[in-house]
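Just below is one structure, and these are the notes that go with it.
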Amino acid sequence: MADTELTLVLSGHLCRPQSADLRPFWRGFVELQKKLPAGKPVRQIVAHSWNPDLAHLARTVYGPQLERHEQQACFYPEFMRQIEPPDRFERGLDRLTSTWKNVSIQSVLGNARSRARAVALMDELPSSGGQVLITRWDLGQTGGEQVNQLVADASLPEDYLYLSYFSEVDEGYADMWVLAPWHDARRFGRFDAFVLDSLAGRNCYIALFSGDGWPRACIKTRFAVWRSHPVGQRIHALISKFVLGVQNCARGNTLPQRVVRRLTLPIQRFLSQPPLTAENSCVPGFVAKAPVFPTFQALNIHALLKYFILSEGLRDRVRFLTHEDFELSAQSGQLINPQPLVLLLHEADDAAMARLLSESPLPLGTIYQMAGGSVRQHVSDGQGGWVVTTLQTVGRGTRDLMACALDAALCREEDAAPVLIMPSVDRYLGCTDWFYMNALAKFLLWSRTGYVGFASARAGKPSLDFPDLQLVRGGGAFSLHMALGTAACMRAFVDVADPDLRAVSECADRMLLEFPVVVKNGGLF
């Protein structure tokens, strides 16, 4: 594999235990697409999950070259007799009130084992080399902004390991994502065994963490403790936002504006200082005293990751990144396993079609150009060109043209493919979030949802199946001029529609029929 390409390693739970909420998985997919460096295309994907019932979902969305989905076993027999004393991780922990109440050896080892098994699949890939991104299915959905945002850029040297820099880096390294060279990433294939050895006391992990003093760490000041607390982080963010707003309002050259800028600049500099840590800071004259943590806090995947990297001799090649290190919006984002669409256009001339074929971010399987009282079918020839056929229609009305296009799609066995109906090429290319659109098309393909709308004057109840999707009654939730669905479902609606497709929408509104509708700030189209 070329060094300019990326291998993606996914692990963990597709859907959290005892939950039916799939939105973290879909949000993670959208987040990953947005944050991947555009100059480092993903060529290989391996995946492991603890959700065998959702294997088809992972396959539909990511299309991994190698995958393994299994039911998470009970690890109790594996570690039960290895932890001495048995209550080592319960001493000092109040499981009713502590923030550590849900942490267990089962969950920590499950996280580590899924990652190790995903990494082990790399050995079966046809090519090796380049960088490897090890991450979780729910990227960006848990933890604070400091740790859950992927920071990657094609210009980063490839011989380092990259991790998130955050205020708790002395205690442990954020595990949401790791960007590493191939040979270093492969070491994580034994991460689960290392975690079990650490918790069982077969290395120095517990002794250092809760006894002799944790390496590459220092005791925090009271201010640092307050700033790293979730409440302190929110207050810090609010004050920073307020100061920045004041500075933006005082950009002029009048005396009061200059005074305001001079008064707020020291505050802004103080607020923008990164957290001081023993891991990544140099303070002349400062003598660090190694901290000691309660033993129950050793059930900490961040601390375990740190000790793993130290034990493997990798710390000298670790570099920390924050989401402020790059202007990511200008150079990031790539579609993962882009979903082909069947596109129906109500209006499109030849110039618009030429623009569509050259600019569409998503691949188009078949295009039906419904204009001028006829339907023209555009089918890719597989070599970069298109075969255009004029279809025979029963009539020249809007309903007849759409029925003809949908019948053709069904004849081409595209009944399960996502069918997108758009008023025009401009409206289609005006999509505000192609990463979300790619995910939505995959959701429809996987769930076989017959209809999804894009415009509604009313709010509905949120769906647990997909983010920003609401179940809406009336208010323009249904339309055959702009929607996403299956060819079979759309064809059934056309059978009961009026010639210009407007009365059927009014009927759906008056009957308060419920439809899933994308509800995003500013809309998707």
Exercise. Judged by atom type as modelled, is there a donor-acceptor pair below 3.5 Å linking the side chain of E124 to the main-chain atoms of M122?
Worked result: no
Problem set entry | Aromatic contact, W137 with Y62 (centres under 6.0 Å) | yes
Problem set entry | Over all atoms of both residues, closest heavy-atom pair of Q44 and S127 | OE1-OG, 2.9 Å
For this session: Would you check if the side chain of Y451 reaches a backbone N or O of S479 as a donor-acceptor pair within less than 3.5 Å?
Result: yes
Exercise. Is the side chain of N300 donor-acceptor paired with the backbone N or O of A303 at a distance under 3.5 Å, no angle test?
Worked result: yes
For this session: May I ask you to decide if A503's main-chain N or O and D498's side chain share a donor-acceptor pair within less than 3.5 Å?
Result: yes
Exercise. Quick one: salt bridge (charged side-chain N to carboxylate O under 4.0 Å, His left out) pairs with a partner in residues 356-380, sequence neighbours left out?
Worked result: D350-R376, R355-E359
For this session: Would you give the length of the straight line joining atom CD of Q470 to atom NZ of K461, rounded to the nearest 0.5 angstrom?
Result: 11.5 Å
Exercise. How long is the span from the CG atom in L391 to the CE atom in M370, to the nearest 0.5 Å?
Worked result: 11.5 Å
For this session: Report the C-alpha distance between T449 and F466 in whole Å, list the side-chain angles of each, state the deciding distance to 0.1 Å, and finish with yes or no for side-chain contact (heavy atoms from CB on, under 4.5 Å).
Result: CA-CA 11 Å; T449 301; F466 196 81; over 6 Å; no
Problem set entry | Neighbour count above 12 (heavy atom, 6.0 Å) for K241 NZ | no
Problem set entry | Criterion side-chain contact (heavy atoms from CB on, under 4.5 Å) on R319 and L156, from CA distance to verdict | CA-CA 10 Å; R319 298 295 182 267; L156 290 171; over 6 Å; no
Exercise. Taking all non-hydrogen atoms of both residues, which atom of E67 and which atom of A55 are closest, and how far apart?
Worked result: OE1-O, 4.2 Å
Exercise. So do L524 and T432 actually touch side chain to side chain, heavy atoms under 4.5 Å?
Worked result: yes
Exercise. Is there a donor-acceptor contact under 3.5 Å from the side chain of R458 to the main chain of R473?
Worked result: yes
For this session: For atom CZ of R396, decide whether the heavy atoms of other residues, nucleotides or ligands shown that lie under 6.0 angstrom number more than 12.
Result: no
Problem set entry | Q377 to T366 - nearest heavy-atom pair and separation | CG-CG2, 3.9 Å
Exercise. Distance only, no hydrogens: is a donor on one side chain within 3.5 Å (strictly under) of an acceptor on the other, for D153 and S155?
Worked result: yes
For this session: Determine the interplanar angle of the Y428 and F525 rings, folded into 0 to 90°, and report it as parallel if under 30°, tilted if 30 to 60°, perpendicular if over 60°.
Result: parallel
Exercise. What residue among V46, I134, L32 forms side chain to side chain contact (heavy atoms under 4.5 Å, CB included) with L8?
Worked result: L32
For this session: Using a strict cut-off of less than 4.0 Å between a Lys/Arg side-chain nitrogen and an Asp/Glu carboxylate oxygen, indicate whether E78 and R113 qualify as a salt bridge.
Result: yes
Problem set entry | Student check: side-chain heavy atoms of R117 and R68 closer than 4.5 Å | yes
Exercise. In chain order, what residues pass the salt bridge (Lys or Arg N to Asp or Glu O under 4.0 Å) check against R136, with sequence neighbours excluded?
Worked result: D138, D175
Problem set entry | Pairs touching residues 398-410 that satisfy side chain to side chain donor-acceptor pair (under 3.5 Å), sequence neighbours left out | D407-R491
Problem set entry | Value rounded to 0.5 Å, distance of CZ in F191 from CG in L305 | 5.0 Å
Exercise. Does the Q33 side chain pair with the main chain of F435, one donor and one acceptor, at a distance under 3.5 Å?
Worked result: yes
Exercise. Step by step, would you call R502 with E506 a salt bridge (Lys or Arg N to Asp or Glu O under 4.0 Å)?
Worked result: CA-CA 7 Å; R502 298 188 183 280; E506 295 174 1; over 6 Å; no
For this session: Would you mind reporting whether P181 and E158 have side-chain heavy atoms less than 4.5 Å apart?
Result: no
Exercise. Hey, what's the ring geometry for H48 with W50, parallel, tilted or perpendicular (30° and 60° as the breaks)?
Worked result: perpendicular
Exercise. Does the ring centre of F320 sit less than 6.0 Å away from the ring centre of Y173?
Worked result: yes
Exercise. Do the side chains of W26 and D465 get nearer than 4.5 Å, heavy atoms only?
Worked result: no
For this session: Spell out, as yes or no, whether a donor-acceptor pair under 3.5 Å connects the side chain of N438 to the backbone of L335.
Result: no
For this session: Go through R317 and E312 one step at a time and tell me if the salt bridge (Lys or Arg N to Asp or Glu O under 4.0 Å) criterion holds.
Result: CA-CA 11 Å; R317 296 209 303 276; E312 291 288 316; over 6 Å; no
Exercise. Taking the six-membered ring for Trp, is the centroid-to-centroid distance between F188 and F308 below 6.0 Å?
Worked result: yes
Exercise. How far does CD of Q72 sit from OG of S49, to the nearest 0.5 angstrom?
Worked result: 10.5 Å
Exercise. With a 4.5 Å heavy-atom cut-off, do Q369 and L356 have their side chains touching?
Worked result: no
For this session: For L362 and P338, work out which heavy atoms get closest and say how close.
Result: CD2-CB, 4.2 Å
For this session: Could you label the plane-to-plane angle of the H378 and W386 rings as parallel, tilted or perpendicular, counting under 30° as parallel and over 60° as perpendicular?
Result: perpendicular
Problem set entry | Validation row: L22, F443 side chains within 4.5 angstrom (heavy atoms) | no
For this session: To the nearest 0.5 Å, tell me how far Q334 CD sits from L6 CG.
Result: 7.0 Å
For this session: Can you see which heavy atom on S164 is nearest to which on Q149, and at what distance?
Result: OG-O, 4.1 Å
For this session: Any chance you could measure L150, atom CG, to M176, atom CE, to the nearest 0.5 Å?
Result: 10.5 Å
Exercise. Does the side chain of L480 come within less than 4.5 Å of M490's, by heavy atoms?
Worked result: yes
Exercise. Side chain to side chain contact (heavy atoms under 4.5 Å, CB included) with V419: which of L484, L410, T486, L406?
Worked result: L406
For this session: Check for a donor-acceptor pair, side chain of W182 on one end and backbone N or O of V132 on the other, with a separation under 3.5 Å.
Result: no
Exercise. Salt bridge or not for D433 and K34, using N-O below 4.0 Å?
Worked result: yes
Problem set entry | Flag, side chain of K442 to backbone of N337, donor-acceptor distance under 3.5 Å | yes
Exercise. What heavy-atom pair brings D192 and L109 nearest, and what distance separates the two atoms?
Worked result: O-CD1, 3.7 Å
Exercise. Ion pair present between R427 and E347, side-chain N to carboxylate O less than 4.0 angstrom?
Worked result: no
Problem set entry | F478 side chain near L513 side chain, heavy-atom distance below 4.5 Å | no
Problem set entry | K35 and L133: CA distance, side-chain angles, deciding distance, side-chain contact (heavy atoms from CB on, under 4.5 Å) verdict | CA-CA 12 Å; K35 297 298 175 61; L133 175 62; over 6 Å; no
Exercise. Between the main-chain N or O of L161 and the side-chain N or O of Q131, is there a donor-acceptor pair closer than 3.5 Å?
Worked result: no
For this session: List the steps and the verdict of side-chain contact (heavy atoms from CB on, under 4.5 Å) for V518 and L469.
Result: CA-CA 5 Å; V518 174; L469 199 66; 3.9 Å; yes
